[in-house]
Participant: 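Handing you this structure, nothing more for now.
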Amino acid sequence: MITLLDYGAGNVRSVINAIEKLGETVRVAQNSQEILRAEKLVFPGVGNFGNMIHILNQKKYMDPLKTYLQSNRPFLGICLGLHALFEESEEAPGLKGLGILQGSARRFRVKQSVPHIGWNGIKVKQPSILFNDLQGDEKFYFVHTYYVDPVDPSVVLTTTDYGIEFVSGIQMGNIMGTQFHPEKSGPTGLTLLKNFIQKDRDPVLPILQSGETKLAKRIIACLDVRSNDQGDLVVTKGDQYDVREEGAVRNLGQPVELAQRYFKEGADEITFLNITGFRDFPLEDMPMLKVLRRTSRTVFVPLTIGGGIRDYTDKDGRQYSALTVAEEYFRSGADKISIGSDAVLIAEEYLRTGEKTGESSIEQISKVYGNQAVVISIDPRRMYVQAPDSVRHPVVETSLPGPGGERFCWFQCTVQGGRKGRDLDAITLARVCESLGAGEILLNCIDRDGTNSGFDLELIHAVKQAVTIPVIAYSGAGCAEHFQEVFEKTDVESALAAGIFHRKEVPISHVKSFLTGKLEIRPVQI
Ligand code: 1PR
């Protein structure tokens, strides 16, 4: 039996789902006694070091954890669960960690985008039970801004390259920790978790010793979800955001089933967008929460969910904070949440006052769950202008002239699913949201959505150059070549499609095999 330490971290559900998928029973520790009595302890952590230590102190878990760890019984710390083993973290100066290992967690200071999000490799430094049935060239899923820096090199289990070579795994006796998320690393991750769970595993060294590890470009599947006129929740797909055909909402399938198909086909991440979220309220009739719970039971790659995340007052006058809404999504299996319309309003307010109030949904959620968990979904459209100085927004010279032959355009933000244009541009929105604590940009394009004519490279390049956080290119993919083009012509870390995957025109596995050898790609695992 596995005992799981739940201090209120985001995605405990996925760790439980993964362990149960492997046929093992999991018990969530309810008190310090259960920690002390544990046979094997798993400590999953997502979010902010400071917030975690506060809660561990409040729950009086620090001492029982230290006692457990000093007993050298099997322990697996994941992400923040690894950081907790160390003395401190730059993320929360002055706050003391468990101090079982000497050293601290440091913020990445590299030219690459931070947070480090995606599938990267590991270089194994010592034999471990964790590596049984693994070759050594597999990729695991990382999502973090800080990495651990142990004083004693003998505890280093694995390292990974991302601008620098950092420690991505530790082992001291039966105490193990991984920076990456085995519960979100597909079949490879499940194999590593199985090795921790099962008895009588011998420490091994994988046969392959990889050279420099590389972050793979991510291929993401997006499921735009809404109720159809009969009230059933379906995956739909717009043409430039118009999801109706002959008056009816296009129905391209069931959200959970499609997500399971894309997991099997090798999607690196799956995104659910509740496209009428601005209209309804996620915690009211909860269809998306059910979709998430069902999906996270069988899909072991990262799940992002967006739509309707904002402060909200229901019809009985009861107030909900965006943080409460996000918490429900995280506890239901989401790894990241995406904020759309509300981000535009927050940025407009910030540009008006110049003040960071700490109250915005972006600031609230990133403070508790970490910036890597907060994605901003931008819905821009091109606005052509005669001259670069004719508007106060950043303008680009375009190789795609406007309807009147205009050679310049800016990218206007919209809210409510593209229904309302705002006096704000996508470049400024991305910059402001990064400064407020967002960890990734999800860059749609209304003009290209559903057109199969390729990604809007000028928009993507302009936004990518404006931020230091990762950017996901959306909208317009019609073939595998469009993915090669966007990765080669802009520095984006990931690209997404919907229509071509839903209509089975271009399977994810085909996009991946086409890109393999041209770019760093995580192979499809059957
Ligand atoms: O504003 O916080 O409630 O969030 C609503 C979310 O729903 C936002 O993320 C917004 O982008 C999304 N959304 C709203 N309306 C639509 C629509 O399509 N009518 N779709 C919509 C999101 C489309 C993409 C699509 C890509 C790839 N954008 O998701 O998947 O364009 O499509 P393709 O490969 O077929 O070209 P809030």
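When reading the values below, keep in mind they use all heavy atoms of this one structure, side chains included, and skip hydrogens, waters and symmetry mates. Every number for a ligand or one of its atoms is a count from 1 in the order of the listing.
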Participant: One residue to check: Lys237. Relative to ligand 1, which of side chain, backbone, both or neither has a non-hydrogen atom less than 4.0 Å away?
Facilitator: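 Under 4.0 Å from ligand 1, Lys237 contributes side-chain atoms alone.
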
Participant: Tell me, please, which residues at least two apart from Glu363 pass side chain to side chain donor-acceptor pair (under 3.5 Å).
Facilitator: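 Expected list: Ser360.
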
Participant: What protein heavy atom is closest to atom 10 (C) of ligand 1, reported as residue, atom name and distance in Å?
Facilitator: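 For atom 10 (C) of ligand 1, the nearest protein heavy atom comes out as Asp379 OD2, 3.3 Å.
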
Participant: Relative to ligand 1, is Tyr241 under 4.0 angstrom through side chain, backbone, both or neither, heavy atoms considered?
Facilitator: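 Both backbone and side chain.
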
Participant: For the residue pair Lys512 and Arg522, establish whether any side-chain heavy-atom pair is separated by less than 4.5 Å.
Facilitator: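 Yes. Closest side-chain heavy atoms under 4.5 Å.
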
Participant: Test: salt bridge (Lys or Arg N to Asp or Glu O under 4.0 Å). Region: residues 433-444. Which pairs qualify, not counting sequence neighbours?
Facilitator: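 As it turns out, the salt bridge (Lys or Arg N to Asp or Glu O under 4.0 Å) pairs with a partner in residues 433-444, which skip direct neighbours, are Arg218-Glu440, Lys336-Glu440.
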
Participant: Could you tell me whether Ile275 approaches ligand 1 through its side chain, its backbone, both or neither, with non-hydrogen atoms closer than 4.0 Å?
Facilitator: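 For Ile275, backbone and side-chain atoms both sit under 4.0 Å from ligand 1.
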
Participant: Around atom 35 (O) of ligand 1, find the nearest protein heavy atom and jot down its residue, atom name and distance.
Facilitator: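 Looking only at protein heavy atoms, the one closest to atom 35 (O) of ligand 1 is Gly499 N, 2.9 Å.
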
Participant: Going by distance alone, is a donor N or O of one side chain under 3.5 Å from an acceptor N or O of the other, for Ser321 and Thr324?
Facilitator: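 Result is yes, a qualifying pair exists.
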
Participant: Could you grab the distance from atom CG of Asp447 to atom CG of Leu400, nearest 0.5 Å is fine?
Facilitator: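 Spacing of CG (Asp447) from CG (Leu400) equals 10.0 Å.
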
Participant: Of all the non-hydrogen atoms in the protein, which one sits nearest to atom 30 (O) of ligand 1, and at what distance?
Facilitator: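 The answer is Asp224 OD2, 3.1 Å.
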
Participant: Counting heavy atoms only, name the option from Ala473, Gly308, Gly417, Ala221 that's nearest to atom 37 (P) of ligand 1.
Facilitator: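 The option holding the nearest heavy atom is Gly308.
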
Participant: For ligand 1, is any non-hydrogen atom under 4.0 Å from Cys222's backbone (N, CA, C, O), its side chain (CB onward), both, or neither?
Facilitator: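 Side chain only; the backbone of Cys222 stays clear of ligand 1.
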
Participant: Are any of the heavy atoms in Gly307 under 4.0 Å away from ligand 1?
Facilitator: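 Gly307 counts as a contact of ligand 1 under the 4.0 Å cut-off.
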
Participant: Would you tell me whether Tyr241 and Asp379 have side-chain atoms, one donor and one acceptor, within less than 3.5 Å of each other?
Facilitator: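 There is such a pair between these side chains.
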
Participant: Is His461 atom NE2 crowded by more than 12 heavy atoms from other residues, nucleotides or ligands, each under 6.0 Å away?
Facilitator: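 No - once you tally the heavy atoms of other residues, nucleotides and ligands closer than 6.0 Å, there are 12 at most.
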
Participant: Please determine whether any non-hydrogen atom of Gly476 lies less than 4.0 Å from an atom of ligand 1.
Facilitator: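 In this structure, Gly476 qualifies as a contact of ligand 1 - some heavy atom is under 4.0 Å.
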
Participant: What do we get for Ala498 next to ligand 1 when only non-hydrogen atoms under 4.0 Å count, side chain, backbone, both or neither?
Facilitator: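 The answer is both.
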
